[in-house]
Amino acid sequence: MDRLKPTSAPPVLRSTHSRRARRPRSRARCGSWPPRGRSWFPIRPRVPLPRSAMRFSHALIHTVRETPSEAEVVSHRLMLRAGMIHKVAAGIYAYLPLALRSLTKIMAIVREEMVAAGAQELLMPAVQPAELWQQSGRWEQYGRELLRLHDRHDREFCLGPTHEEVITDIVRAQIRSWRQLPVNLFQIQAKFRDEIRPRFGLMRGREFIMKDGYSFDRDDAGASATYERMHAAYRRIFARCGLRCRPVEADSGAIGGSFSHEFMVLADSGEDAILACDTCAYAANQEKATCRPPAPPPPIDGPPPAPVATPGKKAVEEVAAFLHAEPSRFIKTLVYRAGERTVAALVRGDRAVNEIKLTHALGASGVVLASDAEVEGATGAPCGFVGPVGLPAGVEVWVDREVAAMASAISGANRADTHVTGVQPGRDFPLARVADLINAEAGDGCPRCAGTLQLFRGIEVGHVFKLGTKYSAAMGATFLDEQGEKIPAVMGCYGIGIGRTMAAAIEQNHDDDGILWPTPIAPFAVEIVLVREDDAASLEVAARLEEALTRAGHEPLVDDRAERPGVKFKDADLLGLPYCVILGPRGLKEGKVEIKTRATGERLEVAVDEAVAWLTTHLAAT
RNA sequence: CGGGGCGUGGCGCAGUCUGGUAGCGCACCUGCUUUGGGAGCAGGGAGUCGGAGGUUCAAAUCCUCUCGCCCCGACCA
């Protein structure tokens with residue numbers, strides 16, 4: 001501020017913040033006036049560009065050349081470099097103007113499709129009373145991910161990680177009769193989940209913007225129809241956002257329920273593993289995916305199990321190498337604690353236990369791998385030498401389907417430094433509890449057809465659940481049916497991570513230079529690079545183009561900064577708007593501008609007067 | 001919560017082992033030159049070295065405690 005000495009230019013003359021524009025182009029041209037020091041005699045452009053959000057020189061867009069060290073994935077890195085987001089705390093971000101423009105477009109698409117599919121928008125509070133969560137039973141179930149607060153009267157609240165409780169509270173107060181159903185309600189709002197480890201920028205934040213929708217139907221058939229309608233709407237939403245995405249069958253997780261699909265954007269940086277058939281449409285999250293069940297074993301009648309010394313060999317790999325046998329010939333016995341129960345899970349030596357499947361099989365709320373001491377206490381054998389033959393009665397034995405189908409296997413002997421060979425499931429230990437307990441892997445057979453499963457990584461951008469009556473029954477969201485009978489509504493719930501969708505779009509659409517925005521969700525449609533922003537003729541054309549494009553509904557961003565052209569080109573590539581109009585004295589001499597298509601790098605020269613029409617045609621096509 | 005790492009101008013880092021003038025690059029400000037793919041020269045502003053104790057004549061540096069952030073794992077959208 002103290003720099004504004006009498007010699008500096010009066011503010012009124014700062015028609016633009018362009019450094020060059022507010023000082024004489026050339027000292028020589030001005031002779032020796034002013035004699036020395038700062039110029040107070042700026043040349044104004046003939047067509048001054050007023051301050052505007054669409055002028056780079058005044059927009060809050062601060063690009064950086066260096067990659068911030070915290071960014072691990074490309075979307076995070078590019079969003080930081082392009083000045084789209086600002087971290088306020090771990091997993092908590094401010095959305096700067098550029099990001100918000102894109103988010104707003106995604107939200108508009110979501111709204112359109114949700115409304116078209118029969119849903120109504122509402123807005124619920126972010127802060128929710130503990131009471132509602134106690135009614136659904138989730139106050140206890142939901143762990144520390146639920147951020148709990150106390151108000152000044154010491155009453156308990158939480159920050160909403162999701163809104164089943166509140167929506168059910170609303171509907172039970174509003175809905176009395178079957179005539180009012182079905183209803184389908186959604187909101188777009190900031191959610192808060194106190195993630196153990198937020199990471200990857202907007203991909204897994206603690207606060208995040210989510211579209212969450214909830215449907216209430218009279219019966220299961222109605223709920224299924226709504227589910228299908230939402231499923232279809234989601235496909236349209238993600239397609240319109242320019243995402244290549246695939247619905248996969250999913251585990252319904254803590255929200256509870258019976259049937260669910262996740263919408264996965266395929267990306268190497270994805271946190272979820274997906275198995276998809278190479279032949280049919282089967283695709284599922286690895287948490288849920290099954291593979292083709294094994295063929296029943298040929299009947300054999302081998303000798304009884306024989307102990308074999310395996311000193312110090314604990315891991316399957318070690319024992320397998322020691323005995324010169326394939327890991328797939330082993331039975332791996334993993335001891336879990338599920339509440340008060342002690343469970344032995346038997347899987348083939350080359351397989352990994354899927355704890356979610358095990359939890360479901362047990363009907364438990366969760367399982368934890370037992371500690372070494374617990375293992376030894378329960379089985380009498382040190383960890384690494386536990387096996388199914390001769391386990392104490394207190395241990396509940398669960399057998400994977402593949403193990404049940406093994407003709408003869410090697411397992412721990414329940415004695416230190418010893419394994420047994422020739423173990424025959426069914427003969428040497430009971431097959432009372434058999435289930436699918438393993439992670440399906442790439443190369444496994446498809447459960448639906450003769451195809452083979454392949455492994456992909458994906459980012460979950462949307463999730464649809466059929467909830468059933470879990471919340472409506474617990475919280476009394478009932479209505480009277482045609483027979484005058486009071487029954488709970490059948491619910492569904494439908495989420496879309498808005499910020500995550502934007503991040504996923506960048507994951508899927510970028511190159512070494514920056515983002516390649518899909519047109520429908522690009523913050524602006526076109527960037528006009530003023531090669532020489534101090535050139536009056538260029539400014540005049542830029543102003544005309546900007547106005548015409550705006551009138552045509554195209555939202556241009558004009559880079560009028562007093563930077564060298566190279567800087568502007570690099571930033572244009574980084575921001576990645578679909579089209580870039582390069583406007584400089586060189587082309588203007590022939591009445592032309594250059595239009596660059598960001599995604600392909602194609603450039604062509606068009607007459608100034610044709611640029612708007614060209615862009616209109618091409619923007620409409622994408 | 002377990003394991004690992006990092007906190008030094010807005011950003012990226014050096015300096016810490018071996019205590020002694022806080023430094024570099026980018027960004028920012030000023031001037032001049034330059035101007036179609038991240039310019040050059042000159043000048044300048046900006047840092048309680050995450051915080052609190054302690055040791056010492058002297059602490060970014062050594063010790064103790066604490067807070068924050070990042071990565072791997074378990075958890076989850």
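The chains referred to below are lettered A, B, ... by the order of the sequence lines, with proteins before strands, and numbering in each begins at 1.
- For the pair A/Ile496 and A/Val461, the minimum side-chain heavy-atom distance is 4.5 Å or more.
- Within the 4.5 Å cutoff, side-chain heavy atoms of A/Trp139 are placed close to those of A/Leu146.
- Side-chain atoms of A/Arg193 lie closest to B/C76 of the nucleotides B/G37, B/C76, B/C75.
- Of the candidate nucleotides B/G36, B/G38, B/C71, B/G36 has the atom nearest to the side chain of A/Pro565.
- Heavy-atom nearest nucleotides on RNA chain B were determined for A/Lys570 and for A/Pro198, and the one closer to the 5' end corresponds to A/Lys570.
- Between B/C76, B/C69, B/A39, one nucleotide has an atom nearer to the side chain of A/Lys87 than all others, and that is B/C69.
- For A/Glu355, counting side-chain heavy atoms from C-beta on, the closest listed nucleotide (B/C26, B/C75, B/G37) is B/C75.
- When the options A/Lys596, A/Arg598, A/Arg603 are evaluated for a side chain to side chain contact (heavy atoms under 4.5 Å, CB included) with A/Cys580, the one that passes is A/Lys596.
- Taking the side chain of A/Val531 as heavy atoms from C-beta on, and the options B/C76, B/G38, B/G36, the nearest nucleotide is B/G36.
- Nucleic acid contact for A/Leu369: none, since no nucleic acid atom lies under 4.0 Å from a heavy atom of the residue.
- Judged by atom type and distance alone, A/Glu563 does not reach the base of B/G38 through any side-chain donor-acceptor pair under 3.5 Å.
- When both distances must be under 3.5 Å, the Watson-Crick or G-U wobble mate of B/C28 is B/G44.
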